[in-house]
Number of protein chains: 2
Amino acid sequence: MPAARAEGAGKSGPTLEQVAARAGVGRGTASRVINGSPRVSERTRAAVQAAVAELGYVPNRAARALAAGSMDAIALVVPEQENRLFAEPYFSEILRGVSTELGDTDMQLLLTLIRDERGRERFAQYAAAHRVDGVLLVSVHGDDPLPDLLRDVGMPAVLSGRRSHAEHLPYVDSDNLLGAQMAVEHLIGRGRRKVATVTGPLDMYVARCRLEGYHEALRAAGRSTAPTDEHLVVEGDFTEEGGRRGMLELLRRDPEVDAVFCASDVMAAGARLALRETGRDVPEDVALVGFDDSAVARHMDPPLTTVRQPIEEMGRAMVRMLLDLMARAQDDAPGRAGTGGGNSTQDQPRLLLPTELIRRRSS
Amino acid sequence: MPAARAEGAGKSGPTLEQVAARAGVGRGTASRVINGSPRVSERTRAAVQAAVAELGYVPNRAARALAAGSMDAIALVVPEQENRLFAEPYFSEILRGVSTELGDTDMQLLLTLIRDERGRERFAQYAAAHRVDGVLLVSVHGDDPLPDLLRDVGMPAVLSGRRSHAEHLPYVDSDNLLGAQMAVEHLIGRGRRKVATVTGPLDMYVARCRLEGYHEALRAAGRSTAPTDEHLVVEGDFTEEGGRRGMLELLRRDPEVDAVFCASDVMAAGARLALRETGRDVPEDVALVGFDDSAVARHMDPPLTTVRQPIEEMGRAMVRMLLDLMARAQDDAPGRAGTGGGNSTQDQPRLLLPTELIRRRSS
DNA sequence: CGCATCGTTGGGAGCGCTCCCACGCTGCAC
DNA sequence: GTGCAGCGTGGGAGCGCTCCCAACGATGCG
């Protein structure tokens, strides 16, 4: 047992070279073992692995990235628009899912909050220069140029949530329509006669989906969806105050409303406020259902029936999808132009995860 | 205006070499301009900057890191213990602060969730190999070996929150003691006679601080803090159910309790539940104050009086502190052993940010 | 028995950058 | 006029790694 220990005392750990030397093999061979190449004899592999363990070798990412041309890192990009989605459990759960799924890889997670135009541009440039291998885009607005920009420079990217029905980029989304439909069907099933809704801002696709789910449920129940009944639909903005105002407006239009589906829990909280102000009980006078199953829902009085999305799973799925895209990009690059496979830009991966109704006392 | 554009078509952007060539200077000079070295003539600087702009040059981080030995990246480490602190606004606000402050640097933010022992070890090794330049540790437990390990390998690190009164590592914390004291003084000021408290888990320093603030306020008001009054102190665990049980226990010990300071909003929500179960009104029968000013507080019925910490500012301060430490480490390394400065390990930077009482209807 | 083949292996050639040494050149003192 | 700082500057030498090609011994075949 040679007394090899005094090397690389202060700083950075041992190098591949040192590992190779200790294992009595060449640099190339050591590299092969570490990267799991099959073309190595069992004996050699064992020797190198022993050396790695003894020296506590950790590959230098920078060197690896430089030599291999890939960064072993993906960016999670969060546009910090009014930090709405940010404080919600949404973000942290996505993060947890992403991180969990990434834990098995030795891919790095780079977190990028985009605050303004300047930040966006900076990131765009950064991505264009291929400083990351892939990008996860959380809650992009429909008019954000970033997604298409990324596609143009050939940077693999996955969206959380579609921007429109015809989303042409890879995405993972939850089934907002069906979720909303279930919520409203639940309300109808409880015998409610006048089921109204406070929608999200209708320039957001997610809001339109939930509204459509509302309509779908009414239609399925054989109830009119005629324009004359549109007075039971009010557009909100996903804020508490918006929910409150929406509820007040509904009550003004029709005091006999006995159920409201709010397109977000926060708006439901606002609606709850309005109901209290006007002396109505929940759920006796008006049943309330939200969407998101955020903390607010559990803590409302009464606890709010709501629709849960599998957010953590969405994060995980996004990562899986992105890694897949990255591998595909990797394979496509070297030569093989028109193989039999035919991965046209048309078959972008997409995934719709199921939503679930959480019944609580508000309905 | 030469028609130079067809270079580096598909992949990665232009290199320093290309920039230098275009500017008609050497590689070294171009590097100097880009890194803002003062030893460059004005003319040359302008020429290089023009070339950079024309080519859309973005330095290759990997190469820079490899050559310079620094990674231009810091890690934000979040131990994902029961994801408690994670869902709270705490985490997202810290993140916002960190990200904002980092926006001015071109430092990268690496997010690392540590889920288990294995993850911890992995990160420790990672850090030991100097794969990042600094570490931000969020909500470490007192028995976590990571902080000291980082110090041992000379990795700059800043904690959010002390682990004990004698924290010997750089930290940023909020004034929990004074915050709690203000809360309880407020309760006393409102004429409450029997002010109780549900603490956090007392093996956490933050919980002990808040408890001490409670005692301090009582003492300042000339009220007994004798052991006989300890029946007004119940240990909770920062969970809703813990708060509920704590409140029930308090009520059992003394049904005439008329005010409770809960060491977290979530526990206050639990306490609120218990009060409702036992038919007590808030604030008429029992006044309630929480801590954190989380979303729950605003949405409780009635809205919860609570203590706000400047969390985003804490994030920013942590980054500033860490960058400072990193610069210092940078300077210390080259030669200059015992300069006049005398930066012994004793004067670790530390910062205590003020807390603020947010008055709402629950008190 | 010689030659092609295959499974392994060693190590050179960079990846793009920073560091640093050496090289003009100018300006000034001698 | 010679000497010598000092400023800008160019470019070599790596940083630690992966990629790849040549080389090697052990086989298998004609």
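The chains referred to below are lettered A, B, ... by the order of the sequence lines, with proteins before strands, and numbering in each begins at 1.
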Does a salt bridge link A:Arg118 with A:Glu121, judged by any charged N lying under 4.0 Å from a carboxylate O? no
Does the side chain of B:Asn60 get closer than 4.0 angstrom to OP1 or OP2 of C:dC15 through an N or O atom? no
Whole-Å gap separating P (D:dA13) and CG (B:Leu66): 17 Å
Find the distance B:Ile34:CD1 to C:dG16:P and express it as a whole number of Å. 14 Å
Are any of the side-chain heavy atoms of A:Ile94 and A:Val138 separated by less than 4.5 Å? yes
Taking atom C1' of C:dC15 as reference, at what distance in whole Å does atom CZ of B:Arg64 sit? 16 Å
Without decimals, in angstroms, what is the distance between B:His130 NE2 and D:dC15 P? 17 Å
Does A:Asp116 pair with A:Arg122 as a salt bridge, N-O distance under 4.0 Å? no
Between B:Arg43 (CZ) and D:dC7 (C1'), how many Å, whole number? 16 Å
Distance-only polar pair, side chains of A:Tyr126 and B:Gln108, donor-acceptor under 3.5 Å: yes
Angle separating the five-pair end axes of the helix from C:dC1-D:dG30 to C:dC30-D:dG1, nearest 10°, is 60°
Output the single nucleotide from C:dG16, C:dC17, C:dT8 whose closest atom is nearest the side chain of A:Arg39. C:dT8
Checking side-chain polar atoms at under 3.5 Å, does B:His130 have a donor or acceptor matched by the opposite partner on A:Asn60? no
Rounded interatomic separation in angstrom, taking CD from B:Glu17 and P from C:dC17: 9 Å
Within the structure, does a side-chain N or O atom of A:Ser31 lie under 4.0 Å from either OP1 or OP2 of D:dC17? no
Rounded to the nearest angstrom, tell me the gap between atom CG in A:Leu55 and atom P in D:dG16. 14 Å
Would you say A:Thr44 and A:Arg32 are linked by a side-chain donor-acceptor pair, where the criterion is simply a distance under 3.5 Å? no
Steps toward salt bridge (Lys or Arg N to Asp or Glu O under 4.0 Å) verdict (B:Asp324, B:Arg320): CA-CA 6 Å; B:Asp324 187 56; B:Arg320 281 195 297 267; over 6 Å; no
Sort me out a list of protein N/O and nucleotides 10-12 of chain C N/O pairs below 3.5 Å, or just none if empty.
residue	atom	partner	partner atom	Å
C:dG10	OP2	A:Gly26	N	2.7
C:dG10	OP2	A:Thr29	OG1	2.7
C:dG10	N7	A:Arg32	NH2	3.4
C:dG10	O6	A:Arg32	NH2	3.0
C:dG11	N7	A:Gly28	N	3.4
C:dG11	O6	A:Arg32	NH2	3.4
C:dG12	N7	A:Arg27	NH2	3.3
C:dG12	O6	A:Arg27	NH2	2.9

Just N and O in the side chain of A:Thr15: are any of them under 4.0 Å from OP1 or OP2 of D:dC15? no
Taking only N and O in the side chain of B:Ser41, is any of them less than 4.0 Å away from OP1 or OP2 of D:dG8? no
Test side-chain hydrogen bond (donor to acceptor under 3.5 Å, both in side chains) on A:Ser99 and B:Arg115; report intermediate values, then the result. CA-CA 9 Å; A:Ser99 161; B:Arg115 205 168 296 90; 2.9 Å; yes
Looking only at C:dG7, C:dC17, C:dC15, the nucleotide nearest the A:Ala67 side chain is C:dC15
Roughly how many Å is it from CE in A:Met71 to C1' in D:dT18, rounded to a whole number? 15 Å
Ionic contact status for B:Arg22 with B:Glu54, cut-off 4.0 Å: yes
